[in-house]
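The structure appears right after this line, and notes come after that.
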Amino acid sequence: MISPQKILVQILGTRRSGLLVGILLLAGPFPLAHAREPRIVNIYNFVRNSDFRIPNSRAVLFEATSNQVQLLRQANLPATWALQYDALINPRYQELFKEQLGTNDEIGGWLEIPRPLAEKAGFKWRGAHDWDPAADVGFSPGYTPAERRNLVDAYMAEFKAVFGYYPRTVGSWFIDEVTLEYLAKHYGIVASCNCKDQVGTDGYTVWGGYWNQAYYPSRLNAYMPAQTKAAQIPVPIFRMLGSDPIYQYGNPHGMFTMEPVYSAAGGSPDFVRSFMKNFIQGPSLAFAYVQVGQENSFGWKAMKKGLTMQVALLAKLAKAGAIQVETLAQAGQWFRSRYSVTPPTSVVFLNDWRHQNRKSVWYDSRFYRLNVLWKNGAFFIRDLHRFDQNVASPTHAIPLTTTSMAYLALPVMDGALWSTSGPKPAGIWPVLLSADGKTSPMTPDGPPVVKELNRTDLRITQRLQGGGTFAMICRENSVVCTGLNAEHQPLHWAWDLAGGKRLQSAVRAVTPSSIRYRYNSVGYELRLSPGAGSCYGLINGNIRLSPNSSGTIILNLGTFCCHLASGGGAPCHGKLTPVIRPTAFGWAAQTGRGSPGVESASWVDSLPQQACGDRREDDEG
């Protein structure tokens, strides 16, 4: 009998990827039937009726969806088909989905707002076309809370009239928390999905949130994971598009996702095989997840080759037991039955499909997200964002009035928005300290070892040049970092937070045990656990975290300090004690709030934007 390991090698290895085959053979058994955590794949295709950017769009879009249906039916793979309202009311789509879908498929809702839905809900249409991707017209935040509920009622009534039941899932590039909670309470949806993290694509910025997999959102903010069951909407939101965890970060030059229309990414067999190998082998804690598929606006010609390749590969992997292909409703029901609050997850890619020796580890919990990147012979924390269920969305009670939208979390370090054009990106960098106080880079020696310690904790161990090891243990509410030399004694090392003016503008105070931030009018902090390190500012404007006598720093990320929140849970900005404050020349002791020469940390209006529709054409690697 052929072993599961060899089956996977046959599926994922090709003559062009001998290195991949070698890695698979050396990696030991694949985590198949005995895996503790599932590896869930959703094939999710959302369906519009028309697109003003495409000539003869109604015919082009219908052809794409019809061919997708036939492809997946022949492969016998379940899929979720999410219907925008204009497609829902089109008899051609009604007939297609009633007569041609596979028996295991799901018909769900896609909540962008086209003209027919707005008018059905009794509103005057404000868009320039029958479907308009402008954020204040085409998405729920562009309407008042009462109008959002009316839009949902109109959509759901029509869906039930067509299919005889309400959809179990409703997705969109973004659905606000008022709408999502109404869908949950009144129509019983079990899951939703929203756009991958991105900066500016199509005019939509969602940045700093739960990186992948799924989370329960706050009742005040659909983009912010809730920390408690009482404060969450009981509908998991799954992240879309299958982002490459190495290269799809911030506003990259190109689109590095599993979308099959991108020839350098989801349309490339090498990219897809490498992605799925990492997906199958990498530690994921609660579960691994990727959403594949393609919106019909791209047309069948653009997606045919890549989607056909992906579907064939997914069918083989599913047959081998390496993945579970499910509908979004099945994934959501499983998540709800297993987790009462958002679980910790990880995404670990230690093999670089571009062969540049980059590696990436993401860790997410209901309290924070963290990313460690290996690049150019170094490693560092590229990203650390905190989550707070008490932070209300900017459109929670009022409608969006701009054609673009931005929903953000709370950055401790933001390698995307805080980096400049210099040679060293913003990040939290590990450094070695000599006896005379000089610093040198902490340089890796070989690849890291990433291991699940239990269902919530992930350990990253990195050997160092010159001897010694550096280890990080990501826990649900903390990160434990320890450096040891070759004799297993405490290493003389530190974390240096480097983020230039934008870090300085976000930091309001540095105390011996914490860094206090204020970002978009929200106060929060990074606190070190008692006896587990200290903080101080450097003359160059960076901030240093030094370990204790055991060589350990513990980042406490599980609670928000009482001096930053009032009794009602809203941010409180009361009097601060004398602390170290940023100035134009580094850091100096000051008391109070003002900071000469440092701008306010609110950059939503200056975020990079791409015009609506540009995502369809951005295929440069």
Task: Glu112 vs Phe46 side-chain heavy atoms within contact, under 4.5 Å - done: yes
Open item on the list: Under 3.5 Å, is there a donor on one side chain and an acceptor on the other for Trp207 and Asp414?
Closed with: yes
Open item on the list: Just to verify, what does Tyr223 make a side chain to side chain donor-acceptor pair (under 3.5 Å) with, not counting sequence neighbours?
Closed with: Asp197
TODO: Taking Tyr210 for its side chain and Phe238 for its backbone only, find out whether a donor-acceptor pair lies under 3.5 Å.
DONE: no
Task: Thr395: partners by side chain to side chain donor-acceptor pair (under 3.5 Å), with sequence neighbours left out - done: Ser393, Tyr407
- [ ] Taking only Lys NZ, Arg NE, NH1 and NH2, and the carboxylate oxygens of Asp or Glu, determine whether Asp457 and Arg475 approach each other closer than 4.0 Å.
- [x] yes
Compile the donor-acceptor pairs under 3.5 Å between side chains in residues 328-335 and protein atoms, sequence neighbours left out, one pair per line.
unit_1	atom_1	unit_2	atom_2	d
Gln330	OE1	Thr327	N	2.9
Gln330	OE1	Thr327	OG1	3.4
Gln333	OE1	Arg168	NH2	3.1

Open item on the list: Tell me every residue that passes side chain to side chain donor-acceptor pair (under 3.5 Å) with Asn45, counting only those two or more places apart in sequence or in another chain.
Closed with: Gln68
Task: Parallel, tilted or perpendicular: ring planes of Tyr182 versus His186, cut at 30 and 60 degrees - done: tilted
- [ ] Sequence neighbours left out, what passes side chain to side chain donor-acceptor pair (under 3.5 Å) with Glu147? Give chain and number order.
- [x] Thr144
Task: Residues which pass ring pair (Phe, Tyr, Trp, His ring centres under 6.0 Å) with Phe97, listed by chain and number, not counting sequence neighbours - done: Trp81
Open item on the list: Is it the case that the side chains of Asp202 and Trp173 hold a donor-acceptor pair, with the cut-off being a distance below 3.5 Å and no angle test?
Closed with: no
Open item on the list: Treating Tyr517 as the side-chain partner and Val522 as the backbone partner, does any N or O pair qualify as donor plus acceptor under 3.5 Å?
Closed with: no
TODO: Determine yes or no for a side-chain-to-main-chain donor-acceptor pair under 3.5 angstrom, with Gln248 supplying the side chain and Phe256 the backbone.
DONE: yes
- [ ] For the residue pair Trp362 and Tyr249, categorise the inter-ring angle as parallel (less than 30°), tilted (30 to 60°) or perpendicular (more than 60°).
- [x] tilted
- [ ] Can you label the angle between the Trp353 ring and the Phe271 ring as parallel, tilted or perpendicular, going by 30° and 60°?
- [x] perpendicular
Open item on the list: Between Gln227 (side chain only) and Gln389 (backbone N and O only), is there a donor and an acceptor less than 3.5 Å apart?
Closed with: yes
Task: Between Asp176 and Thr179, a side-chain donor and acceptor under 3.5 Å - done: yes
